[in-house]
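Small disclaimer: the values here were computed from a predicted structure and weren't measured. Residue numbers run from 1 in the order of the sequence given.
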Amino acid sequence: MDAGEGIGALGPDFRAMGIERVEGIFLAKCDLIDYDDDIIELEKIDARSCFYENGLPEDCGVFIAGSVFRAMDGERGAGVDAVAGLLQSIVSHIP
């Protein structure tokens, strides 16, 4: 999800796509908003609301704020480490 676009960019019907539960959400492009905690919190609220409206559990896994652009450049922290954190969250829920 892009920090500027919101969860609505994914489309309204998660179940039609076969999604029953979300285990991790990567809030991308957070470097463009200087990792503003208020904006990131609003994105989390927006995502939880969208999940609830579509019959998915609101207690979706972890939210990870980062930058794919920074990860592609090999930067740690908000780049590579953030993407790795998302993948660890998802993999940890695979039976």
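The nearest pair of heavy atoms linking V83 to A71 is CG2-CB, 3.9 Å. Heavy-atom minimum distance, S67 versus F26: N-CZ, 3.7 Å. Annotation for G66 and Y35: closest pair C-OH, 3.8 Å, computed over non-hydrogen atoms. Residue I25 comes nearest to A47 through the heavy atom pair CD1-CB, 4.4 Å, listed as atom of the first residue, atom of the second, then distance. Contact detail for I40 and I33: the closest heavy-atom pair is CG1-CD1, 4.1 Å.
Within the 3.5 Å criterion, the main-chain N or O of D36 finds no donor-acceptor partner in the side chain of D34.
Remark: D73 pairs with F69, E75 by the side-chain contact (heavy atoms from CB on, under 4.5 Å) rule, at least two apart or across chains. For the side-chain hydrogen bond (donor to acceptor under 3.5 Å, both in side chains) test, residues two or more places apart in sequence or in another chain that qualify with D81 are R76.
With respect to E41, the side chain to side chain contact (heavy atoms under 4.5 Å, CB included) criterion is satisfied by exactly one of D37, I45, D38: I45.
The same ILVMFWY cluster, assembled from side-chain heavy atoms under 4.5 Å apart, contains both I64 and V68.
The CG atom of L27 lies 6.5 Å from the CD atom of E43; values are rounded to the nearest 0.5 Å.
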